[in-house]
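This report refers to the structure that appears directly beneath it.
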Protein chains: 2
Amino acid sequence: MKDNTMIIDRDSPIPQYFQLQSWLIEQIEQGLFKPHDKIPTEEEITRRTGLARATIRQAIQNLVNMGYLYRKRRLGTFVLSQSAEPGRSAVVGVLVHDIRSGYAPEFLRGVGDEAARHSYSIILCNTDDLFIRADFHANQLIKHGVTGLIFMPTAAAPEKNLQLIEKFQHKNIPVVLADREIPGHSHDMVTTDNFDGAHALTSHLIGKGHRHIAITLSTLFSSERARLAGYQQALQDHGIDPEPALQFTIGERFIEKHYQHYVRLILAEREKFTAIIAGNDPIAYLLYNAAIELGIAIPDELSLAGYDDLTFSNAHPMELTTVHQPIYEMGQESMKLLLHRIQGGTGAVQSIILKSHLVERRSVRLVVQDSPR
Amino acid sequence: MKDNTMIIDRDSPIPQYFQLQSWLIEQIEQGLFKPHDKIPTEEEITRRTGLARATIRQAIQNLVNMGYLYRKRRLGTFVLSQSAEPGRSAVVGVLVHDIRSGYAPEFLRGVGDEAARHSYSIILCNTDDLFIRADFHANQLIKHGVTGLIFMPTAAAPEKNLQLIEKFQHKNIPVVLADREIPGHSHDMVTTDNFDGAHALTSHLIGKGHRHIAITLSTLFSSERARLAGYQQALQDHGIDPEPALQFTIGERFIEKHYQHYVRLILAEREKFTAIIAGNDPIAYLLYNAAIELGIAIPDELSLAGYDDLTFSNAHPMELTTVHQPIYEMGQESMKLLLHRIQGGTGAVQSIILKSHLVERRSVRLVVQDSPR
DNA sequence: ATTGTATATTTGTCTATACAAATATACAAT
DNA sequence: ATTGTATATTTGTATAGACAAATATACAAT
């Protein structure tokens, strides 16, 4: 017999079935009733509260519908085991640009494994970095009653991305950003130290004697902009003036066919630099392939470095020096932070920054040091 | 006023609220009540059926809980608009081995795009080809109330895979197999013409003058066993005796580190063959890398062919001759067939076999024809 | 046409009662 | 220990009735 008194206020404007319902939920959520514990019978509750049986049944049926309780003839009414927040499924949504591209599979694997550890499932949504697709999926996810969201911001303007986040926050569904931040906005986020990673990579190239180091990437997202900034800072830290002419950047979405053309334009200017950093590994491979076709030997005539260390990097015959991103861990940590919020975790906005590390392979060679200009 | 008579059989063992409930569902699903149509009031239903008001309310409340109806004080009870099968979410589960591996991302992209076209969402589950993981996810999916399942059978015994399928069938949740069949069992399935693809590839190599053609793959799954059979048949069709000594197969799960070792053992016997077919592209790349390390020139000293034509195949400097699998389409067709079943489609088990085609690149060279033995 | 007030309508809440269904539990027989 | 039978227990179904709540609708006044 539980100690806590079942109090039903007959003068309250709150319906009496609802008061009973609420009391029962509170007992369950405070752990006074544990999974498979039997709650008092209808008759017992009538005796303790004076409520009519039908009123009691209405409260209990609602809790059955909500997933808190199950009932057995002759035996009684029992608490269902709770694997997640009642009233909501143990399902979270994940919005990524494209499941096929670069680091997305590894990231999702990290999310999925951590989710499974906590008996959660993930709904996969591809946005193609387009707001209209992301918005469509967001509406679907809310309709499905997801419990949380992991979101890689799209290529849309910050206000658009924020608009999407607010849809979830309005329903008290927590959101965690992954990889990319939204400029001028502070939000729960997991990313990696792109600035430091690029700084270390650039410093490494400088340590190999390179002074004229080019870089190519898209400045569309925060992660790659931070890589550019890290590159620039490393040059400055070594007394080298960062030259705009060696910074080949685009401000639009990465589209492979376009970049295949762009890397040829870049390599046409290769006498200006002895080494080049690609903003991510897919770009590095495009550069490599174009170099081979143009008869440029890597690393003998041009050193090449990438960023990300994607799984297929080590299956490539050209062993690419790159920065290893903890992509799996980024997925994992995103899910952990989201679970923390789902389970009621309050507190300051968290910005988790995971460490990258340099992976030296064979795409960079030592050159005779030439003096900084 | 609707024509159809509300009949409640007072002698039926079926509860009367349930009979009314069923009648209302039928009216809605047959389109006699459309979204936002008003159904008869409680009083009107009492007049037409003689049922007590509380019994009527029980039926109607259940339909409200199931998402068929909504109620407004003073106005009445109305039909909710339907975006998916009522009582179940517009969500399906997809069980794949590993989101990171080979063709899984492309496949899932096909599934996801087709799902989105029909306002469905997909729950992603990684099984690692292990039954215990698949079973865990299956239980989760059923708990979430998924409407259907796309399943790549695991490496477990056929009975185990069937056991998992029966869980869903028991709940009338349709299941479609993808890529791999379950031996001795007939089920809705989408796969590709692995036999014909391998037959064409082997014939192509024979057309290039090769007679001693090796092959390496895992015989664990139906798709790769069919490739082996297609290879053997092509040799026979050309009057070449398939030699067991040129067939390097394993009967266990593909684990990259193990295969890295295995390809070296294979290449140690390379004087026995002038060409080798890898059962899938990742194996082809392992072969290529090992060949480079052993100083074996591809295709000058050894011709190499793959299977699958994964997205990164065309980013590779070694332009691999391979068989292009319609992986995206396989995902798409799996989802289409599942939707067909979800929407009530009956009829014979469907086995959809999509066409592959040979993609000639530069990894295969012409050799002087030597006579069959 | 707009605003204010009253009323009718239908759902929502709550009480009371009776019988049925499923089955755990108790007890007897072997 | 096992099997068979009866009974007690609690939920499930169904009936009847009364009052409350929310608000669309009707009507009057300006």
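- Ranked by how close their nearest DNA chain C nucleotide is to the 5' end, A:A54 and A:R74 are led by A:A54.
- In this structure, CZ of B:R73 is placed 8 Å from C1' of C:dT13, rounded to the nearest angstrom.
- The distance from atom OH of A:Y17 to atom P of C:dT15 is 13 Å, rounded to the nearest whole Å.
- Residues satisfying the ring pair (Phe, Tyr, Trp, His ring centres under 6.0 Å) criterion with B:H97, sequence neighbours excluded, are B:Y103.
- Ring planes of A:F33 and A:W23: perpendicular class, angle over 60° (limits at 30 and 60°).
- A salt bridge is defined here as a Lys NZ or Arg NE, NH1 or NH2 lying under 4.0 Å from an Asp or Glu carboxylate O, and A:K167 with A:D135 meets this definition.
- Legend: residues meeting side-chain contact (heavy atoms from CB on, under 4.5 Å) with B:I14, ordered by chain and number and at least two apart, are B:S12, B:F18, B:Q19.
- Taking atom CD of residue A:Q61 and atom C1' of nucleotide C:dT13, one finds them 17 Å apart after rounding to whole Å.
- A:L24 has its side chain within reach of A:I39: a pair of non-hydrogen atoms, C-beta onward, lies under 4.5 Å apart.
- Taking a 6.0 Å sphere around CD of A:Q163, one finds it holds more than 12 heavy atoms contributed by other residues, nucleotides or ligands.
- Taking a cutoff of 4.0 Å between a charged side-chain nitrogen and a carboxylate oxygen, B:E44 and B:K38 do not qualify as a salt bridge.
- Contacts of residues 8-15 of chain A with DNA chain C (heavy atom under 4.0 Å): A:R10, A:P15.
- Put simply, chain B comes within 4.0 Å of DNA chain D, heavy atom to any atom, from D:dT13 to D:dT25, going 5' to 3'.
- For the OP1/OP2 pair of C:dG12 and a distance below 4.0 Å, the side-chain nitrogens and oxygens of B:R71 include at least one atom meeting the criterion.
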Nucleotide pairing, DNA chain D (Watson-Crick or G-U, distances under 3.5 Å), in dot-bracket with [ ] and |: ||||||||||||||||||||||||||||||
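- Atom CD in A:Q16 sits about 13 Å away from atom C1' in C:dG12, given to the nearest Å.
- The distance from atom CZ of A:F18 to atom P of C:dC14 is 11 Å, rounded to the nearest whole Å.
- Take B:D113 and apply the salt bridge (Lys or Arg N to Asp or Glu O under 4.0 Å) test, not counting sequence neighbours, and it matches B:R109.
- Checking each of B:T154, B:T127, B:D128 against B:R133 for a side chain to side chain donor-acceptor pair (under 3.5 Å) leaves exactly one that passes, namely B:D128.
- For the side-chain contact (heavy atoms from CB on, under 4.5 Å) with A:V146, the qualifying choice from A:V94, A:V91, A:I122 is A:V91, the only one to do so.
- When the shell of 6.0 Å around CD of A:Q169 is examined, it contains more than 12 heavy atoms from other residues, nucleotides or ligands.
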